[in-house]
10 protein chains.
Amino acid sequence: MDVQPQSCVRVGAQVPDFVLPAYFPETGEQGEVRLQEYKQQGKWVVLVFYPADFTFVCPTELADYARYHSALRERGVEIIGVSTDTVFTHKAWLEAETMLRSVRYPLAADHTGAVSRMFGVYDEQSGVAMRGTFVISPEGVLQALQITAENVGRSAEETYRLIEGLQFVRNNPGVACPASWRPGEKV
Amino acid sequence: MDVQPQSCVRVGAQVPDFVLPAYFPETGEQGEVRLQEYKQQGKWVVLVFYPADFTFVCPTELADYARYHSALRERGVEIIGVSTDTVFTHKAWLEAETMLRSVRYPLAADHTGAVSRMFGVYDEQSGVAMRGTFVISPEGVLQALQITAENVGRSAEETYRLIEGLQFVRNNPGVACPASWRPGEKV
Amino acid sequence: MDVQPQSCVRVGAQVPDFVLPAYFPETGEQGEVRLQEYKQQGKWVVLVFYPADFTFVCPTELADYARYHSALRERGVEIIGVSTDTVFTHKAWLEAETMLRSVRYPLAADHTGAVSRMFGVYDEQSGVAMRGTFVISPEGVLQALQITAENVGRSAEETYRLIEGLQFVRNNPGVACPASWRPGEKV
Amino acid sequence: MDVQPQSCVRVGAQVPDFVLPAYFPETGEQGEVRLQEYKQQGKWVVLVFYPADFTFVCPTELADYARYHSALRERGVEIIGVSTDTVFTHKAWLEAETMLRSVRYPLAADHTGAVSRMFGVYDEQSGVAMRGTFVISPEGVLQALQITAENVGRSAEETYRLIEGLQFVRNNPGVACPASWRPGEKV
Amino acid sequence: MDVQPQSCVRVGAQVPDFVLPAYFPETGEQGEVRLQEYKQQGKWVVLVFYPADFTFVCPTELADYARYHSALRERGVEIIGVSTDTVFTHKAWLEAETMLRSVRYPLAADHTGAVSRMFGVYDEQSGVAMRGTFVISPEGVLQALQITAENVGRSAEETYRLIEGLQFVRNNPGVACPASWRPGEKV
Amino acid sequence: MDVQPQSCVRVGAQVPDFVLPAYFPETGEQGEVRLQEYKQQGKWVVLVFYPADFTFVCPTELADYARYHSALRERGVEIIGVSTDTVFTHKAWLEAETMLRSVRYPLAADHTGAVSRMFGVYDEQSGVAMRGTFVISPEGVLQALQITAENVGRSAEETYRLIEGLQFVRNNPGVACPASWRPGEKV
Amino acid sequence: MDVQPQSCVRVGAQVPDFVLPAYFPETGEQGEVRLQEYKQQGKWVVLVFYPADFTFVCPTELADYARYHSALRERGVEIIGVSTDTVFTHKAWLEAETMLRSVRYPLAADHTGAVSRMFGVYDEQSGVAMRGTFVISPEGVLQALQITAENVGRSAEETYRLIEGLQFVRNNPGVACPASWRPGEKV
Amino acid sequence: MDVQPQSCVRVGAQVPDFVLPAYFPETGEQGEVRLQEYKQQGKWVVLVFYPADFTFVCPTELADYARYHSALRERGVEIIGVSTDTVFTHKAWLEAETMLRSVRYPLAADHTGAVSRMFGVYDEQSGVAMRGTFVISPEGVLQALQITAENVGRSAEETYRLIEGLQFVRNNPGVACPASWRPGEKV
Amino acid sequence: MDVQPQSCVRVGAQVPDFVLPAYFPETGEQGEVRLQEYKQQGKWVVLVFYPADFTFVCPTELADYARYHSALRERGVEIIGVSTDTVFTHKAWLEAETMLRSVRYPLAADHTGAVSRMFGVYDEQSGVAMRGTFVISPEGVLQALQITAENVGRSAEETYRLIEGLQFVRNNPGVACPASWRPGEKV
Amino acid sequence: MDVQPQSCVRVGAQVPDFVLPAYFPETGEQGEVRLQEYKQQGKWVVLVFYPADFTFVCPTELADYARYHSALRERGVEIIGVSTDTVFTHKAWLEAETMLRSVRYPLAADHTGAVSRMFGVYDEQSGVAMRGTFVISPEGVLQALQITAENVGRSAEETYRLIEGLQFVRNNPGVACPASWRPGEKV
């Protein structure tokens, strides 16, 4: 794997606006995801990068995030899956893979790798994205990131917990969440 | 906060060897932590960066990691806490703060910020490290990283789960862990 | 479409050796295509670049070339289809698309676009390859090339005619083929 | 032959306007061909580069294109032959060579090689152009190109087929021509 | 110790305005020290750099300067202690160390080392400031400086004597103080 | 006064060897002072820079240091006075100025200003040295420095106190002198 | 005409060796002219650059030089005609143009313009050579040059006179030829 | 002789205006020759560079040109002799050398070599000009040049013939002079 | 002695205005000499550089110039002695050295060497000026200069003779003084 | 006059070896003067630069030096006159000008101005040398120089006096000549 140091967006910094073609399983149509629109709607965004369509671990991760989709939506959070495949392939995969029946959030096509590079998860040698999860606030600021080696799955539950904490602090300025905190617990 | 893009170690890449002064609560003495030594002993290393001694959320996080200390040790994993304070302050804080009684792992003093910069968590404006957790394999390869915005605590439990997965894949080459997997579950 | 001038291999010049992951429908396995191996076996190579798996015109072109596959093989010519998709997707598409049943030649995965760039057919904006056909002699010299705008299909028959002419001249040094010449016609 | 990589116009890109001295056999006079004028008249242009006046294969190719001259004209397409000889030589050759009696389209004189370089067919060592055919739309966009090694003739028929396809797609937006398609066939 | 030559403010030159977080023992609160404000109030400033909180010699030096605090104040002079520790640590140290009970002047936190570098006392290797005393006039001009090797204490009395001399010369233009002069002695 | 920031030797760093012409009042002869020789003899060196011969404050300072000359010599310390005048002038001044009768240590002539620049006390506009005192250990390391604005005299007594402290620490490794410490006092 | 200043061979300087394709009317064959060979045979060389085949003034100049061909040969001098046309065109022109029947010396094809540039007679805009005559001694040194504006013919007779003078001086070292001198006249 | 390639004025290009001190034998006075003035008067200019005053071949050349002086003047042509000597020397030579009695045209003093360099005839090693003749039209365009090796004289007659041809073509636009043409001969 | 080539004012060129502190023996006060003021008063200036105060040859030279002081003044010429010593030293030397009793012209203090460098007489190694005399006209143009090796005195008489000549030529434009000329002699 | 600052040989520095063509009136032959040879013979050299042959002041200066020729020779000193004229002109002038009958020392021809530039007396605008006298010791060190504005003659007598002084100091090391000193006078 080719992983030279490179510049990328950092936690606490503004994420540059980006646009990507995407397949929307809810409507069965192709379109675009635009960070700017999510920000205008006051949404949080969770970017879930995965290596490639038509592979193993990937569908279990995407399905895992699908389980938290409606709960996150209620909290004003949108999930976007991202790989370096095309929208044509995203559509074909979602239709062919039974494990992905539950996925209703869009899969974006970063076919040139430009956005993957921006978040520091692009592997120059193979042209695929590493497993990375990025939480962006409605102001477009990167609030948290997690990157994992090639073949270990992520926990959507942990992502959910993080967002709970971030939103609590946002609503209670000057208060910090202790470690492993859950809403309702004393801070 | 000053968070320009900068070069840093990436998941999948070799972590450069580093040496830091540290306070060891088990012996009550000052010394050094050296990545090279951990590697020679076949240890995994978990680096837990936190902003500053004598602050709020920090002790809860360090205490949270202290709860998993012996379990991780049995798995060949060593925890190192890191801030940009000095060893003099580390010692004073551990002695003064009752929440830190349980911390037995070393606190390293990255007073120049050089190692924090290397892992991309140094804030140039305030001179403190962001909350970042980094898992390094015995070969010195960065296997996973998590960085969180300033005032939300981390979950030591999630770190533990990740290491379980990474060690499972390492012992079972060619097998990938599905999302949210726990040892014993089917892969 | 982003089509700035760029450096690329020229007719009459040596093609740099390249290696790409590929899916081989004859065996149903993944592997690699290596220009060097074809040269060592004294083979001519026809590279057929196409934009993307799971799209329209592409399968008719690939099927068109499939019709000339055995005739070209008898002449010592190997066909390689190339797009910027992954081998996982190539496999899925060949299995799913009935029009591609007849394709027995490998589909190579230029997922980083490196080889497409080398032949001047990579579109930097969309990350896909333009429709280009390249004929390489057993010595590794580019003998002919044809590039066509996005949505017009190629003629495998014309490619076949060209190769007949190139092989005739090769076997009859000092003789040139007139325009529209066919074997058996007087030169 | 000296064929280093070099920058040149690409399919899908705007062709820079150029002006060349030319001999017009229809009037027997010298003049100039200007891309800009063809564009203003809404014409397609087919540039047929050939190595040199007073050589072998060249006249058969030029005669081959002469056969399609009137059919292409009816479709709004103008042919221009181009070599790096002067107009004086073009005139002398057309008058001396009986095979060229049928050629009525102009022969342009790219004596400095500037236009041949622009299309990537100039050989720096010998100063002659390689055999290349370039199809330019009325908007001045390069729609197709074909370059062939030194001593194999081109097929004017294939050029004709390509233009039929390009004009069909232009008149039927959103429709793509399948491979080997001929007007009247179903798309 | 890493002590390469570096650019720094010189005696006789204007000191650039700076701002540092600080702990004020008189009020028990955090705040900032700003050179510009001292200048606006017509104050002299004595900057007392010391290596680190929770160490040996440092408290004796700070206590030594505390003894001259009120005498200097009456002369319009403000003392500021500076180290590269944080304000959290400054507060903890002042509360814990009995030798520092008498310190009523602010301790500033130059945690990034920026101000220490500006005065040429930052040690790049350890990240701490060397022992340096700097006397700044109400016009912001550096009037005197003293820097001492790591482990020898300073004399607050000598600083006091210097300031007496500087203020005498300021009030008696054209008169110079002889060596070891004390107010009242003949010049 | 022209006092741009400039590079200079720092406390804790090795002082580059230097050689200067000097007048030795003990022998009444001209010669040279060489740092290297003092180091070879295991001597400490105190450099006392002053602006110019035949001026006011200067002779009081030099006389002040003369009072401590024998006490310092017993401690293995040599004093060197330095200005940017020539040795001819040094000699003339010592002979003419009655206040300097007691001066027995050499006056060095840094007529080009090279050594004054090295210690950061050269004023580019007037060509004279500022009042600076520099203490160099037998190893050639700068142990302390003091620089004072133009018209305030130094205290040789304070220099003496500093050297006592430095020599005490040198003879008692691991022990630090508290502020204002005097030999015999408890550390 | 495009005639920027450019570097070129100067009178008195060594002419770099060059090789050009050429047509030899004496044998009716194509071949090459090589400066090195002429030098090895002890020959003088007269290079006669002219603009283009199949034009007006040019044949009269070439015929004019043909009249002096045998006389020059007897003196060990070889004439070479040079234009930027190809050898194919040279052959066709010599066969077609009756005025050139008498030309028995080779016509070289500087189709890339490289040699014309070397002698400073290449016109970058039109790609043809200006009228220039260059006399090179058997040692390869440029002895004389004459360049004339586009449409005025040269005098072969003057070239002959010059060579007579150059050879005389060569055979009578230390003697200089007066102006307008002819062999037999007194020097 | 030092004759590196260098930039210089070319045939067909505009000659930069120049001014040189000169001695005018007609009036016996010093003055200046200015190209601009000749152009304003509609004159042609023939520059005759020669190596040095008080040498051999030079006077025969200058006398040779003197013979054609009045004939050229009638044609609106002015001769200027040029060497790198001073006007003082020009005057002395013309007075001393009987062969130069007939010279009535000015001798210009290019003592710095600037104009000789501009025309490419300056020898950097010896500081003298090579034998070069330059014909400039009233528009200031260089029409012809001839440069000859060091010790062979020029023919003023050939210069005269050239100017006849150039003036004929100028008066008969579109007509070219054949080689060796003389006025009255058919073109 | 360190005498690398360096840029400096040349004879015939404008001398840049300069200002230097100076001691005026006529008034016994310190002040400044300003070239601009001398020019405004229509004075000639003779700069007499000498190595150092309190040395041998120097006083004889200065006394020598003192002998011509009143004669030069009558001619509108001012003498300025210059060394790299300070004004304090100049004063002390003039008071101490009996040979300098007669010196009534100012001694300027070029303590930084800036003006000595400007006139090319500064020795970088020793920091003193070489023996140089410079004659500046009322227009500020350097008219003559003389520089002599370290230990040979100058002749004020020769300077006087030069100024006589320069003033004569100035008052008699177009007339040149022969060598060794004295006023009254025939030119 | 064009007199920009430029680098040149300085008093006290080694003069680079130089070679110049020269005319020797003693033998009436041309040859070369070489600094190296004079040094090998242990000679002093006086270079006398003058503007141009066949001008006014110059011959009086050269004649003035001729008067001291034999006296200087006895002291081992050789005079060389230098201008930027050629040797041909030097010869002609010496023969023509009666004032130069007495000149027996060589006149060197610095026709390119290279040596004049080296000594800083070349005027770039007019190409002539300014009036400069340079005294070089047998070791090749420049001992004295004098440069005078354009139209005032030099005094050979002063040059003679300088050389006497220089030779005296050379023979009596450690002794300096006072101003205006003459041999026999007390030093």
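So that the names make sense, note that chain A is the first sequence line, chain B the second, and so on, each numbered from 1.
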| So, do E/L162 and F/Q146 sit near enough that their side-chain heavy atoms are less than 4.5 Å apart? | yes
| message | Quick one: does any side-chain atom of E/R10 pair with a main-chain N or O of F/D123 as donor and acceptor, under 3.5 Å? | response | no
| query | Which pairs with one or both residues in residues 32-52 of chain F pass ring-ring contact (aromatic ring centres under 6.0 Å, His included), sequence neighbours excluded? | reply | F/F49-F/F119, F/F49-F/F134, F/Y50-F/W93
| task | Please lay out, stage by stage, how E/V121 and F/V11 fare under the test side-chain contact (heavy atoms from CB on, under 4.5 Å). | result | CA-CA 8 Å; E/V121 294; F/V11 167; over 6 Å; no
| request: Could you grab the distance from atom CD of F/E157 to atom CD of E/E157, nearest 0.5 Å is fine? | output: 7.0 Å
| request: Measure the spacing between CG of E/L142 and OG1 of F/T148 and express it to the nearest 0.5 Å. | output: 10.0 Å
